Amino acid sequence: MNKRLNKLRAFLTAKNIDSIVVAKTENVRYISGFTGDSATLVITAKHAFLITDSRYTEQAAAEANGFVIAEQKDGLLTKTAETLSELSCRKVGFEGNAVIFDDWRILTAKAKTAEFVPVKIDSLREAKDEGEIALIKEACAIADAAFADVLNFLRPGITENDVAVHLEYFMRQKGSERPAFTTIVASGVRGSMPHATATNKLIKNGEFVTMDFGAVYGGYCSDITRTVVVGKADVRQKEIYAVTLKAQLAGLAALSADKSGIEVDKAARDSMGQYAAYFGHSLGHGVGLEIHENPRLSQKSKCEHLPVNAVVTVEPGIYIPQWGGVRIEDTTHVTATGCRRLTLSPKELIEIC
């Protein structure tokens, strides 16, 4: 945590501000180690305050080593503003992408001598340290085990919800804290909707079933998608699956720390030929304390060089209305010379007969 606090203080110096209010839950956790909610951090060059209420003061004292724990009794933002005033903070950064307008008004009204400057600190989390990568790797292992298990459960006549519940229950048994996001199970024609969460639709013989799910371990997420056939695949299903897999492998082959997000996306997209028209979303996104974070792999990515030790997904898909779809996704660790997969489930077309 000291290294992360020092990174944030270097950020303050670079931005020419004397202090910052950290309010986004994931950033509070990243900087301080505090795993609860309803908290802010006030950081200066010499001071580190964690402000919360009586529900969390004992927990915060145990988790946020090196922080002064300040208990708020009249409102979190009121205490935050009081702390800024007590520290004589003049130019204060605040997370413009996390602090809502009403909260900003309270802060500026109560810390009247401070000038508030919007900043974004999420970039500090893009390159993962060894501990973070180890936690993500464990979350990926839980998801891989869940996929192996669900193959023995899938069959015609069960619902998409049955599959989602089975995946989530298994992952909780294996140590996941919660699902990393709302589990996606899309069968048959519903596969054309990339974010089709599970319903009571019955799975039929001969249908594709796309499952997009993830575990959370130590606060860190995993993200995996696999598409299988319940029954025997027909010629078109085999063709579209093969194109999707080719694109996913092309994305993985292009992924390294010397590439831009646009370049990696293009490598996968260009391999799809005519089917690229049915691939509407980006190729991938960062994964960590949030399921979707920077850096991004997309046609509009602002990432010119992927950082070493970033963790990103590679997830091309083909979605054809009134027919269905295929998506294949891995969570990957970006290295200086390439990438290594953290989700290791098999990717050849699986037919469950």
Side-chain angles (χ1 to χ4, degrees), residues 4 24-31 35 97-98 120-147 167-168 171 174-184 194-195 197 210-226 248 251-252 254-257 259-261 264-265 268 281-298 300-303 305-317 327-335 338-345 347:
R4 297 176 186 181
K24 187 173 181 177
T25 300
E26 292 82 8
N27 289 335
V28 168
R29 179 169 185 163
Y30 180 77
I31 298 297
T35 61
N97 61 337
K120 293 182 180 180
I121 64 170
D122 290 358
S123 60
L124 300 180
R125 296 192 283 114
E126 288 186 14
K128 273 48 179 183
D129 59 37
E130 289 182 4
E132 291 178 290
I133 292 171
L135 293 171
I136 296 170
K137 188 175 180 181
E138 185 60 35
C140 288
I142 293 171
D144 278 333
F147 177 69
L167 285 166
E168 292 175 9
M171 289 190 292
K174 295 300 180 182
S176 178
E177 297 159 19
R178 57 176 173 81
F181 51 92
T182 303
T183 299
I184 293 169
H195 276 195
T197 55
T210 297
M211 297 165 286
D212 187 346
F213 57 97
V216 178
Y217 188 83
Y220 284 81
C221 302
S222 61
D223 196 356
I224 182 173
T225 307
R226 292 294 186 267
Q248 210 256 352
L252 291 173
L255 183 59
S256 69
K259 297 292 181 62
S260 70
V264 181
D265 180 279
H281 57 74
S282 63
L283 180 65
H285 56 84
V287 177
L289 287 168
E290 296 179 273
I291 190 60
H292 294 110
E293 55 184 49
N294 287 330
R296 310 282 173 155
L297 310 179
S298 76
K300 298 180 180 179
S301 174
K302 297 179 181 179
C303 177
H305 298 283
L306 291 162
V308 174
N309 292 330
V311 174
V312 298
T313 65
V314 177
E315 50 178 306
R327 181 165 65 256
I328 303 169
E329 174 188 26
D330 284 312
T331 300
T332 68
H333 170 207
V334 179
T335 69
C339 72
R340 61 170 181 147
R341 288 172 53 201
L342 300 180
T343 45
L344 302 175
S345 296
K347 289 185 288 191

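These numbers were taken from a predicted model, which means no experiment stands behind them.
To the nearest 0.5 Å, the span separating CD1 on I31 from CD on E26 amounts to 12.5 Å. Separation of atoms CG (L124) and CG (N27) is listed at 7.5 Å; rounding is to 0.5 Å. Atom CD of residue E177 and atom OG1 of residue T35 lie 9.0 Å apart, to the nearest 0.5 angstrom. Rounding to the nearest 0.5 Å places CD1 of I224 at 5.0 Å from CZ of F213.
Looking at T225 and M211, their side chains never come closer than 4.5 Å, going by heavy atoms from C-beta outward. Proximity of V308 to H333: side-chain heavy atoms (C-beta onward) are nowhere separated by under 4.5 Å. Contact check for L252 versus T332: side-chain heavy atoms found under the 4.5 Å cut-off. No side-chain heavy atom of P316 sits less than 4.5 Å from a side-chain heavy atom of R327. Using a 4.5 Å heavy-atom threshold, the side chains of L342 and I136 count as touching. Under the 4.5 Å side-chain criterion, counting only non-hydrogen atoms from C-beta, T183 is not in contact with D212. In this structure, D265 and S301 have side chains that are not in contact, with every pair of non-hydrogen atoms separated by 4.5 Å or more. With a 4.5 Å cut-off on side-chain heavy atoms, E329 and V314 do not count as touching.
Residue M171 comes nearest to G214 through the heavy atom pair CE-O, 3.5 Å, listed as atom of the first residue, atom of the second, then distance. The shortest non-hydrogen separation linking S176 to V216 is OG-N, 3.1 Å. Closest non-hydrogen pair, G251 versus L283, comes out as CA-CD2, 4.3 Å. Among all heavy-atom pairs drawn from L306 and S256, the shortest one is CD1-O, 3.6 Å. Taking each heavy atom of A139 and S222 in turn, the nearest pair found is O-OG, 3.0 Å. Of all heavy-atom pairs spanning C303 and R296, the tightest one is CB-O, 4.4 Å.
For the residue pair T343 / D330, a side-chain donor-acceptor distance below 3.5 Å is found, with atom types taken as modelled. Side-chain contact of E132 with Y220: a donor-acceptor pair under 3.5 Å is present, judged by distance alone. Side-chain N/O atoms of N97 and D122 include a donor and acceptor closer than 3.5 Å. No side-chain N or O of T313 forms a donor-acceptor pair with one of D223 less than 3.5 Å apart.
Of the options H285, Q248, H281, a side-chain hydrogen bond (donor to acceptor under 3.5 Å, both in side chains) to E315 is made by H285 and by none of the others. The only option from K24, K128, K120 that meets the salt bridge (Lys or Arg N to Asp or Glu O under 4.0 Å) definition with E293 turns out to be K128.
In this structure a side-chain-to-backbone donor-acceptor pair under 3.5 Å is missing from E168 to P179. Proximity of a side-chain donor or acceptor of E138 to a complementary backbone N or O of L135 within less than 3.5 Å is not detected.
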R125/E290 under salt bridge (Lys or Arg N to Asp or Glu O under 4.0 Å): CA gap, chis, key distance, verdict: CA-CA 10 Å; R125 296 192 283 114; E290 296 179 273; 2.7 Å; yes

D129 vs N309, side chain to side chain contact (heavy atoms under 4.5 Å, CB included): CA-CA, chis, key distance, verdict: CA-CA 7 Å; D129 59 37; N309 292 330; over 6 Å; no

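Around the NZ atom of K259, the shell of radius 6.0 Å holds more than 12 heavy atoms that belong to other residues, nucleotides or ligands. In Y30, the OH atom is crowded: over 12 heavy atoms of neighbouring residues, nucleotides or ligands sit closer than 6.0 Å.
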